[in-house]
Participant: 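Got a structure here, written out as structure tokens. Questions coming.
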Amino acid sequence: MKSALRELLGTTTEVEDDSRARELAAAGLMLEVATVDHHLDASEMQTLLQELGQQFHLDGETLHNLVERARNNASQNTSVYPFTRYVNDHFTQEEKFDLLTGMWRIAYADLNLDKYEEYTIRKIADLLHMSQSDFIRAKVIARDG
């Protein structure tokens, strides 16, 4: 599995353990939402860090290192598929819903829901085999929460 993740994420370094791989896959998807409009707003980055910290119980330095690794991997990958495949294989349905809700929070963080952000979240939700009702419920939770 570790070699498969290295291949998928375009990295030649050893993956520390399954929890770091999970975090890296989630960070990659969240970063895709945050950067799809070609503008990474400070509020989006803060929300991304907050979501990752809450979902994976990470401290500040670990979060910043994780996001930097995700940025490096994103520059090497042209698709979200490697990340969604990993999430499908290693996340529960509840964890995938939390990830989806986090992506919506990132999209709403700058108070401007860009059409590309919404499209990207929809595409990721489809690749994660999330139902339309979960897609809408996560959006409402993020928007109203």
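No experiment lies behind these values; they were computed from the predicted model shown.
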Participant: Within this structure, what is the CG-CD distance for the pair N73 and E68, rounded to the nearest 0.5 Å?
Facilitator: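 Answer for the CG-CD pair, N73 versus E68, is 10.5 Å.
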Participant: Report yes if the side chains of F97 and F91 come closer than 4.5 Å at any heavy-atom pair, otherwise no.
Facilitator: no
Participant: Answer yes or no: is there a side-chain heavy-atom contact under 4.5 Å between L49 and M45?
Facilitator: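 Touching, per the 4.5 Å side-chain cut-off.
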Participant: Working to the nearest 0.5 Å, report the span between CD of E117 and CE of M103.
Facilitator: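 Interatomic distance, E117 CD to M103 CE, rounded to 0.5 Å: 12.0 Å.
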Participant: What's the shortest heavy-atom distance between A109 and S43, and which atoms?
Facilitator: O-OG, 3.3 Å
Participant: So, do R71 and L40 sit near enough that their side-chain heavy atoms are less than 4.5 Å apart?
Facilitator: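 Of all side-chain heavy-atom pairs linking L40 with R71, at least one is under 4.5 Å.
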Participant: Is the shortest heavy-atom distance from the side chain of N112 to the side chain of E44 under 4.5 Å?
Facilitator: no
Participant: Can you measure from CZ (R105) to CD (E51) and round to the nearest 0.5 angstrom?
Facilitator: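 Nearest 0.5 Å value for the CZ-CD distance: 4.5 Å.
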Participant: Would a distance-only check, ignoring hydrogens and angles, find a side-chain to backbone donor-acceptor pair under 3.5 Å from Q55 to D98?
Facilitator: yes
Participant: Starting at OH of Y86, measure out to CZ of F83 and round the result to the nearest 0.5 Å.
Facilitator: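 It comes to 12.0 Å.
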Participant: Is any side-chain heavy atom of R122 closer than 4.5 Å to one of Q132?
Facilitator: yes
Participant: Any chain of hydrophobic side-chain contacts (each under 4.5 Å) joining I136 to I106?
Facilitator: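 I136 and I106: one cluster.
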Participant: When clusters are formed by joining ILVMFWY residues with side-chain heavy atoms under 4.5 Å apart, either directly or through shared neighbours, do V36 and I121 land in the same one?
Facilitator: no
Participant: Show your working on side-chain contact (heavy atoms from CB on, under 4.5 Å) between L100 and L128 and close with a plain yes or no.
Facilitator: CA-CA 9 Å; L100 184 64; L128 295 179; 5.7 Å; no
Participant: Below 3.5 Å, can you tabulate the donor-acceptor pairs from side chains in residues 138-145 to any protein atom, sequence neighbours excluded?
Facilitator:
from : atom 1 : to   : atom 2 : distance (Å)
K139 : NZ     : E118 : OE2    : 2.8

Participant: Does L63 form a side-chain contact (heavy atoms from CB on, under 4.5 Å) with E23? I'd like the steps, not just the answer.
Facilitator: CA-CA 9 Å; L63 281 169; E23 295 158 1; over 6 Å; no
Participant: Apply salt bridge (charged side-chain N to carboxylate O under 4.0 Å, His left out) to residues K123 and D126 and explain how you reach the verdict.
Facilitator: CA-CA 5 Å; K123 178 176 68 172; D126 287 345; over 6 Å; no
Participant: In this structure, which one of V80, I124, L48 forms a side chain to side chain contact (heavy atoms under 4.5 Å, CB included) with V33?
Facilitator: I124
Participant: Rounded at 0.5 Å granularity, tell me how far CG in L29 sits from NZ in K96.
Facilitator: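 The NZ atom of K96 is 11.5 Å from CG of L29, to the nearest 0.5 Å.
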Participant: State the CG-NE2 distance between D114 and H39, to the nearest 0.5 angstrom.
Facilitator: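 The distance works out to 10.5 Å.
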Participant: Check whether N88 reaches the backbone of L127 with its side chain - one donor and one acceptor, N or O, closer than 3.5 Å.
Facilitator: yes
Participant: Between R22 and H90 (side chain of the first, backbone of the second, donor and acceptor by atom type, cut-off under 3.5 Å), is there such a pair?
Facilitator: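 Yes, because the side chain of R22 sits within donor-acceptor range (under 3.5 Å) of the backbone of H90.
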